[in-house]
> 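Questions regarding the structure given below will be posed in turn.
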Amino acid sequence: MNNDPNKHNPNQPCQCNIDRALHGPNGFVFINGAQKQSDTPTGKSYFAYNIRIGDTETKHRYSEFESLRKSLVRLHPTMIVPPIPEKHSIVDYAALQTRVKDDLSMVEKRKRMLQTFLNRVAKHPQLGHDHVFHRFLENGVAWSDVLHSSPLSDLPKNPLQVIASKQPDIAAYEAILANSLIPTPTATYTLKNPDPRFEESEKFTYRIANYMSNNLDKSQRKVIRRLGELANDYAELGAVYNGFSLNETGAVANAIEKIGQAVDASYTETGQMVTALEGEFAEPIQEHSQFAHTIKQVLRFRHMKHAQVELIESSLKNKEESLQNLLDIEREASRLHDAMTTERTIGSNALDIDQINEAANSHTSGEESGQEESPYLNNDHRPIVRRRSRGWGGPVQMISAVGHTLQGLIDVDPASTRHNQIGKTKDSMELLQKALEITRKDLAAASIEVQADLDRFQREKIRDLRDMLIAYAKVHINYCQKNLESWEEARVEIDKIPN
Amino acid sequence: MVIRLVETEKHMDSPQGAYVAYLVSCMTSLRTFSSHQSRPVWRRFQDFVWLHNALTLEFPACIIPPLPDRRRLEYIKGDRFSTEFIERRKWSLQWFMDRISKHPQLQLSQSVRIFLESNDFVRMQSRRISPAASVLESIGGSLFTAFTKVKKPDERFVEMKDNFDKIQDNLDTVERLYTRISKRQHVLHNFSLDLQHDYAGFAESMQGFSVRESEIASPLQKFSDTTREYSMLIKTMAKDVLFLNEIHELLAYCHSAKAALRARDQKQVEFEALSGYLQQAVQERERTLYPTRYSSGSSLNITDFFTEKLNEVRGIDVQRARREKLEKLDHKIKELEGEVARANDISNSFSSQVLKESDIFEKAKNKELKQGLTAYADSHIDFFKKGAHAWEKILPVLESIDVGDIDQRQ
């Protein structure tokens with residue numbers, strides 16, 4: 001495992017040349033071009049985006065970016081992975097103010113937003129050092145190769161079986177969690193002892209995610225769209241004034257011509273304002289809207305980890321109870337056995353061992369009649385899906401009533417069965433105990449990481465918001481100043497008209 | 001001469017029905033007036049109408065400035081006492097008085113003096129100023145409609161006609177352009193109001209956002225306020241686009257000018273028709289005097305011939321009939337000669353007056369245009385100044401947002 005250069009210890013940075021480039025003085029990732037390429041087998045065309053970091057250049061298409069992001073999410077479920085522009089968004093078309101609704105404007109927008117994505121990842125304290133990310137930026141590396149090699153190929157399917165936090169000997173831990181004995185919570189599990197801080201974060205995040213998509217994003221888009229339409233109106237008005245000036249002479253003609261120019265300037269300036277607002281405000285708002293949804297998912301992941309811990313605790317407790325019961329029966333049985341052997345009576349006083357066993361067994365079975373199925377002691381170790389909406393409920397016995405009666409019927413030697421059961425239960429408990437330790441440690445570490453990334457993100461968000469708002473103000477200041485100039489020029493000409 | 005409509009007053013409970021009165025004051029150095037600054041008088045809309053009609057009759061060759069539309073929608077809807085309607089009407093009437101006061105002939109008119117000074121206006125109104133009577137009514141003038149083209153233009157008429165054609169073209173173009181601008185401005189006006197709504201909606205969203213992002217609630221709140229302020233500025237500018245109204249006024253004036261041109265054309269037509277009539281009469285006299293000279297060809301001959309034959313049959317004294325006819329014709333010719341001379345004078349003076357008028361109109365148009373364009377430019381300048389200022393104010397607030405310790409790149 002240590003020979004594979006791609007499977008590095010996540011605790012130690014890979015020190016590859018990309019890593020050095022990203023964290024050196026010229027660490028900005030550029031997407032400096034896009035070419036239309038043809039997928040020869042299918043005949044469909046797509047765009048490949050040129051990526052440059054330091055001296056390295058490579059190309060990737062949109063779907064590979066998507067795949068990269070998915071991989072990062074799987075590798076770092078406690079991290080807030082930056083968003084990429086959405087696929088085939090009708091909203092993108094609606095937001096574009098140019099009438100040229102073709103590939104070109106979509107490609108430009110994607111170029112911008114994908115570049116932002118790569119740089120956000122690069123700046124992230126953990127994600128920036130991810131070697132999979134580095135391989136994406138490397139020249140001559142096919143993305144499919146990356147997908148089929150470590151660490152991506154080693155990832156367990158179930159994200160809850162991934163050790164989220166940085167631990168030594170992850171493989172062994174993951175093996176334990178992969179054991180079917182270990183329960184997995186359903187999506188609707190409610191925590192018995194939720195963490196109040198994360199509860200608060202979850203509530204806040206849900207609210208803000210909705211608000212941003214449904215309210216803020218929509219309203220700011222309306223302004224930009226309307227400005228675009230206004231620009232066209234100005235163009236038409238400017239043409240009318242120009243025609244007007246041709247019909248006049250002297251000072252009046254000059255004045256009207258200047259007004260026509262001022263109106264034309266409004267057309268140009270409004271168009272530029274739209275483009276600037278798109279890039280510096282609308283797109284970041286879109287990104288942050290997506291960020292909110294990502295945070296929801298990260299919090300959800302931590303929530304499920306917590307649920308898993310609680311479930312394992314429950315299982316362990318239940319196993320303990322079962323074990324206790326079995327041990328009690330054992331004691332009972334051996335007491336009886338001793339009693340019988342000391343008395344050596346065969347006769348009317350003789351007790352029927354079988355009857356006693358049956359009685360003892362039916363005592364156990366009586367307690368559990370009407371109970372739910374044992375979730376994990378079945379002979380073929382199939383993982384069982386529970387259908388109860390409540391999750392774990394009351395005490396669960398080891399053996400179902402039916403199974404037990406059958407066993408009682410066919411069992412020649414209930415004692416040895418019991419011994420087996422005790423053994424198995426002890427083994428399960430050991431496994432569960434180990435898993436509990438692992439998941440508790442993992443939950444603690446994951447919670448710290450999630451909280452740290454939330455805090456880090458909060459700072460990033462504030463900085464982004466500040467930049468966006470400043471950009472909005474500056475765009476408007478610039479717009480007003482430029483227009484003011486041309487109208488003041490027009491005013492000078494108007495004054496020249498004789499009284 | 002400066003005329004101002006200074007005040008308006010609503011009279012809701014007068015015996016003749018509710019009406020609005022306007023206080024008109026005048027300052028002038030003209031000697032036709034009794035004093036430099038006469039007492040302001042109250043006039044109502046129908047008084048302005050009287051003035052307009054009086055001037056039209058007194059100065060048929062002049063372009064009388066137009067009155068505001070009587071049949072505006074609000075009037076029909078019964079909303080003619082709303083502040084907005086009254087404001088707009090006052091504004092149009094002000095234009096009316098301004099144009100009159102600047103017109104070299106109209107400002108000297110007796111009607112204007114009566115309008116501005118008379119304290120017993122109602123009695124004065126009944127005095128009819130006699131119009132230049134239309135000669136044609138006595139001859140049966142239905143022949144001469146305004147659509148009759150000028151026939152057989154003379155040398156000197158051709159040159160005049162070119163002049164007037166140019167003036168007409170110019171007016172047409174101006175009308176067309178003004179209409180286009182008016183339409184576009186209207187569209188832009190509505191659009192600006194929509195934009196204002198959108199900005200206001202965005203301001204609301206930011207306000208809600210500030211409640212949720214409590215760490216930067218204050219700057220977000222201020223940003224929201226700035227956005228709202230900006231939206232209000234847009235609203236003000238949209239309303240201030242008064243150029244819309246001024247174009248409307250200029251258009252109306254333009255129509256009056258075109259009407260004057262048509263009137264001139266009509267005078268020309270009348271003159272030509274009278275000339276033609278006169279010529280016919282002269283020819284008839286000639287024929288009557290010397291019947292044999294015109295025995296070849298014309299259909300008139302045959303009629304006369306038959307009339308004479310009929311008279312012979314009837315036993316009427318042909319000679320006496322001829323003498324009587326000649327007398328009548330002589331009389332008619334004399335009359336016509338007088339009328340033709342007069343029509344010629346009228347037509348000529350009309351033409352020269354209209355030429356002067358179009359000059360006056362051009363000057364007035366340019367002046368009004370200047371006024372309108374100035375106001376138009378000013379409202380834009382105002383908006384952009386205030387807009388820049390609003391956003392400049394918020395910039396330092398935003399720049400001072402604390403971003404804390406930014407994570408250093410590892």
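Here is the naming used below: chain letters follow the sequence lines, and residue numbers restart at 1 for every chain. Heavy atoms only: backbone and side chains are in, while hydrogens, waters and symmetry mates are out.
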> Contact between A:Ser219 and B:Phe209 at the side-chain level, heavy atoms closer than 4.5 Å - yes or no?
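Side chain of A:Ser219 against side chain of B:Phe209, heavy atoms only: no contact under 4.5 Å found.
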> Is there side-chain contact between A:Leu469 and B:Met206, with at least one heavy-atom pair below 4.5 Å?
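A side-chain contact under 4.5 Å exists here.
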> For B:Arg180, is there an ion pair with A:Glu236 - N to carboxylate O distance below 4.0 angstrom?
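Here A:Glu236 does not pair with B:Arg180 in a salt bridge, since their nearest N and O are not under 4.0 Å apart.
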> Kindly confirm or rule out a cation-pi arrangement of B:Arg212 over A:Phe204, judged by NZ or CZ under 6.0 Å from the six-membered ring centre and within 45° of its axis?
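The answer is no, since B:Arg212 fails at least one limit relative to A:Phe204.
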> Under 30°, 30 to 60°, or over 60°: which ring-plane class applies to B:Tyr376 and A:Trp487, parallel, tilted or perpendicular?
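Ring orientation of B:Tyr376 relative to A:Trp487: perpendicular.
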> Do B:Leu369 and A:Phe244 have side chains that get closer than 4.5 Å, going by heavy atoms?
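B:Leu369 vs A:Phe244: side chains touch.
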> Given heavy-atom pairs under 4.5 angstrom as the criterion, report whether the side chain, backbone, both or neither of B:Leu188 touches chain A.
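Contact with chain A: backbone and side chain both.
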> Contact part of A:Glu460 toward chain B, heavy-atom cut-off under 4.5 Å: side chain, backbone, both or neither?
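No part of it gets close to chain B.
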> Checking heavy atoms, do the side chain of B:Phe223, its backbone, both or neither come under 4.5 Å from chain A?
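The side chain, not the backbone.
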> Checking B:Glu215 against chain A: side chain, backbone, both or neither under 4.5 Å from a heavy atom?
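When you check distances to chain A, only side chain atoms of B:Glu215 fall under 4.5 Å.
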> With only heavy atoms counted, which part of A:Ile259 is less than 4.5 Å from chain B, the side chain, the backbone, both or neither?
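Looking at A:Ile259, just its side chain touches chain B.
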> With a 4.5 angstrom heavy-atom cut-off, is it the side chain or the backbone of A:Ala473 that approaches chain B, or both, or neither?
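For A:Ala473, backbone and side chain are both near chain B.
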